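The structure displayed is predicted, hence computed values, not measured ones.
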Amino acid sequence: MSEALIYIIGTHSTETKGGISSVLKAFEEGFHNLNQSFKRINTHNDQKNRLIYFFIAWVKLVYHSLKHLKSRRVYWLHCGPWFSMLRKFIIAISAKILGGEVVIHFHSPTLSKYTQSKWGLFLVKCFLIPANKVVVVTPWWKKLLIEKGIKKEILVVANPLSHKLFNFAEQNIDDKKPIGDIVNLVSMARLIDGKGTELIIKTIAQLPNVHLKIIGDGPLKSKLKQLSESLNVQSRVDFLGWLNEEEKSNALMSSDIFCLPSIYDSFGVVFIEAMSLNLPIVAFNNGPVADIVKPHVGIVIEKYDVAHLKQGIEKIVRESGNYRLNGKPEVVNNYNPTTLTKQVISYLIKQ
């Protein structure tokens, strides 16, 4: 498509778990499907030493850039929290020195926290000095950056659903069975602080007819298992670990409600994955999540506690007919990975 050489720079899309890697994988597949060439530079890998891996990535980027010094080069940098931003800042400065154009794509929910202090906002503005353009994942983020005095051109582009799940959703806009006496709840996240998994377990202790499947893994797994045992709900909580796409789809399709009251999400790809299978959503209104979990596809609770989460789950159970046909059309209309990839490519190559 474009004559510009596009560098996609970020965490490894297949050897690292999490939302950013899933998003990058979907975009990369979109680039291939659209015959848009790109150069992939992996700056982080969960399985490798961070400093050595980053240094090798930087050397690769500089070497490849020097080989194409006369070409137009666009560096699309995908940013997580501070250490990720530090790595990308080094890349951005290098890219600018080598005559490239820099596009910063923010993914981390910690960006909001950084902008709340004078020094944090100052550092964010310094970080953006080498950037030509910025990408954010929901309108909430664009509004925040504008309010904080960021003067860069900003594109809002949603995170895409994986091509496989999107194709399935597009071809199977069918009904979902009504919720029975036993409610099958599912959650999916890295098991870390802020994702709300602990709150879900505490809540189902007050909902004896609810069974919970947890897709994901992380440092809090042992603690969460101990919590389920202390609350005597271990027989109703299944820890499934990370699943491949087929296993994940099966786990979601056999569930009634998707629940993730996360306070640590900038978007939440897992929400659109669940919506693509017509699962109603219960989430926490942490700002950008409300851009994704709209009233016709689920509920965002306003207070982060057991009482409000319990009420949200009970409301979905009572009114499930109001939600169960709405998820897939929402995904098909708004999260088409090919459409979103075209939008990004157009923005990257625009002069």
Original post:
Going only through I, L, V, M, F, W and Y residues with side-chain contacts under 4.5 Å, is there a path from Leu66 to Val102?
Top reply: yes
Subject >> Qualifying residue, where the test is side chain to side chain donor-acceptor pair (under 3.5 Å) with Tyr7 and the options are Arg73, Lys39, His64, Arg40 >> reply: His64
Original post:
Does the salt bridge (charged side-chain N to carboxylate O under 4.0 Å, His left out) test come out yes or no for Glu153 and Lys350, once each step is laid out?
Top reply: CA-CA 12 Å; Glu153 182 181 359; Lys350 183 181 70 172; 2.5 Å; yes
Original post:
Any Lys/Arg nitrogen of Lys310 or Glu314 sitting under 4.0 Å from an Asp/Glu carboxylate oxygen of the other?
Top reply: yes
**OP:** Might you work through the salt bridge (charged side-chain N to carboxylate O under 4.0 Å, His left out) test for Glu29 and Lys25, ending with a clear yes or no?
**Re:** CA-CA 6 Å; Glu29 187 174 348; Lys25 186 177 180 181; over 6 Å; no
Subject >> Phe271 and Phe258 aromatic ring geometry - parallel, tilted or perpendicular at 30°/60° bounds >> reply: perpendicular
Subject >> Donor-acceptor under 3.5 Å (Lys133 side chain, Tyr347 main chain) >> reply: yes
Original post:
If every non-hydrogen atom of Thr341 is compared with every non-hydrogen atom of Ala26, which pair is closest and at what distance?
Top reply: OG1-O, 4.5 Å
Original post:
Between the side chain of Ser262 and the main-chain N/O of Gly196, is any donor-acceptor distance below 3.5 Å?
Top reply: no
**OP:** Spell out, as yes or no, whether a donor-acceptor pair under 3.5 Å connects the side chain of Ser162 to the backbone of Leu165.
**Re:** yes
Original post:
When rounded to the nearest 0.5 angstrom, what distance separates CG in Leu340 from CG in Asn334?
Top reply: 8.5 Å
Original post:
Is the closest basic N to carboxylate O distance between Glu229 and Lys225 below 4.0 Å?
Top reply: no
**OP:** To the nearest 0.5 Å, tell me how far Gln234 CD sits from Leu212 CG.
**Re:** 13.0 Å
Original post:
Under 3.5 Å, is there a donor-acceptor pair linking the side chains of Asn250 and Glu246?
Top reply: no
Original post:
Can you hop from Leu111 to Ile146 via hydrophobic side chains spaced under 4.5 Å?
Top reply: yes
Original post:
What's the verdict on side chain to side chain contact (heavy atoms under 4.5 Å, CB included) for Leu77 and Ile91, showing C-alpha distance, side-chain angles and the deciding distance?
Top reply: CA-CA 8 Å; Leu77 280 61; Ile91 293 288; 4.0 Å; yes
**OP:** Measure the CD1-CG distance between Ile263 and Leu199 for me, rounded to the nearest 0.5 Å.
**Re:** 10.0 Å
Original post:
Does any N or O in the side chain of Asn159 come within less than 3.5 Å of the main-chain N or O of Val269, such that one atom is a donor and the other an acceptor?
Top reply: no
Original post:
Is there side-chain contact between Glu198 and Leu227, with heavy atoms separated by less than 4.5 Å?
Top reply: yes
Original post:
Are Phe38 and Trp76 close enough, and set up right, to give a ring pair (Phe, Tyr, Trp, His ring centres under 6.0 Å), and what steps lead you there?
Top reply: CA-CA 10 Å; Phe38 65 94; Trp76 182 23; 9.0 Å; no
Original post:
Heavy atoms, side chains only, cut-off 4.5 Å: are Val300 and Phe284 in contact?
Top reply: no
Subject >> Lys/Arg-Asp/Glu bridge criterion (N-O < 4.0 Å) met for Lys248, Glu273 >> reply: yes
Original post:
Looking just at side-chain N and O atoms, do Lys213 and Ser255 make a donor-acceptor pair shorter than 3.5 Å?
Top reply: yes
Original post:
Has the side chain of Asn167 got a donor or acceptor atom that lies under 3.5 Å from a matching backbone atom of His163?
Top reply: yes
Original post:
With a 4.5 Å limit on heavy-atom distance, are the side chains of Tyr264 and Asp193 in contact?
Top reply: no
Original post:
Do side-chain atoms of Arg50 reach the backbone of Thr43 as a donor and acceptor pair under 3.5 angstrom?
Top reply: no
Original post:
Out of curiosity, does Val157 fall in the hydrophobic cluster containing Leu34 (side-chain heavy atoms, cut-off under 4.5 Å, transitive links)?
Top reply: yes
Original post:
Any side-chain heavy atom of Ser117 sitting closer than 4.5 Å to one from Phe122?
Top reply: no
**OP:** Run the numbers on Leu155 and Gln343 for side chain to side chain contact (heavy atoms under 4.5 Å, CB included), then give the verdict.
**Re:** CA-CA 9 Å; Leu155 171 72; Gln343 188 179 358; 3.8 Å; yes
Original post:
Do Ile192 and Ile215 belong together in a cluster built from hydrophobic side chains that touch within less than 4.5 Å?
Top reply: no
Original post:
Salt bridge or not for Lys195 and Asp265, using N-O below 4.0 Å?
Top reply: yes
Original post:
Any chance the rings of Trp82 and Tyr114 have centres within less than 6.0 Å?
Top reply: yes
Original post:
Within the side chain of Asn49, is there an N or O that forms a donor-acceptor pair under 3.5 Å with the backbone of Leu51?
Top reply: yes
Original post:
Hey, mind stepping through Ser94 and Trp58 against side chain to side chain donor-acceptor pair (under 3.5 Å) and telling me if it holds?
Top reply: CA-CA 9 Å; Ser94 303; Trp58 179 81; 2.8 Å; yes
Subject >> Check: Asn209 side chain, Ile182 main-chain N or O, donor-acceptor pair, under 3.5 Å >> reply: no
**OP:** Determine whether the side chains of Asn132 and Lys152 contain a donor N or O and an acceptor N or O closer than 3.5 Å.
**Re:** no
Subject >> Shortest non-hydrogen contact from Tyr304 toward Pro261 >> reply: CE1-O, 2.9 Å
Original post:
Ile154 and Leu145: which non-hydrogen atoms are nearest, and at how many Å?
Top reply: CD1-CB, 3.9 Å
Original post:
Are Ile93 and Leu128 co-members of a hydrophobic cluster defined by side-chain heavy atoms under 4.5 Å apart?
Top reply: yes
Original post:
Got a second to check how far Leu240's CG is from Ile214's CD1, nearest 0.5 Å?
Top reply: 8.5 Å
Original post:
Considering only heavy atoms from C-beta outward, does the side chain of Ile179 approach that of Ile257 to under 4.5 Å?
Top reply: yes
Original post:
Which atom names give the shortest non-hydrogen contact between Ser108 and Gly80, and what distance separates them?
Top reply: CB-C, 3.4 Å
Subject >> Within 6.0 angstrom of Lys221 NZ, more than 12 heavy atoms from elsewhere >> reply: yes
**OP:** Tell me, yes or no, whether the heavy-atom count around Lys315 atom NZ, taken from other residues, nucleotides or ligands under 6.0 Å, exceeds 12.
**Re:** no
Original post:
Any idea which heavy atoms bring Leu260 and Ala189 closest together, and the distance?
Top reply: CD1-CB, 3.8 Å
**OP:** Rounded to the nearest 0.5 Å, what's the gap from CG on Asn285 to NE2 on His308? Could you check?
**Re:** 12.0 Å
**OP:** Please tell me if the side chains of Ile9 and Leu61 come closer than 4.5 Å, counting only heavy atoms from C-beta onward.
**Re:** yes
Original post:
Rounded to the nearest 0.5 Å, how far does CZ of Phe55 lie from CD1 of Ile90?
Top reply: 11.0 Å
Original post:
Judged by atom type as modelled, is there a donor-acceptor pair below 3.5 Å linking the side chain of Thr203 to the main-chain atoms of Leu309?
Top reply: no
**OP:** Go through Ile8 and Phe31 one step at a time and tell me if the side chain to side chain contact (heavy atoms under 4.5 Å, CB included) criterion holds.
**Re:** CA-CA 10 Å; Ile8 302 179; Phe31 270 61; 4.2 Å; yes
Original post:
Do the charged groups of Glu147 and Lys142 touch, with an N to O distance under 4.0 Å?
Top reply: no
Subject >> Smallest separation among heavy atoms of Leu243 and Ala251, with atom names >> reply: CD1-CB, 4.0 Å
Original post:
Got a donor-acceptor contact below 3.5 angstrom from the Asn278 side chain to the Gly327 backbone?
Top reply: yes
**OP:** Indicate yes or no: at least one non-hydrogen side-chain atom of Pro160 is less than 4.5 angstrom from one of Phe27.
**Re:** yes
Subject >> Ile281 side chain near Tyr323 side chain, heavy-atom distance below 4.5 Å >> reply: no
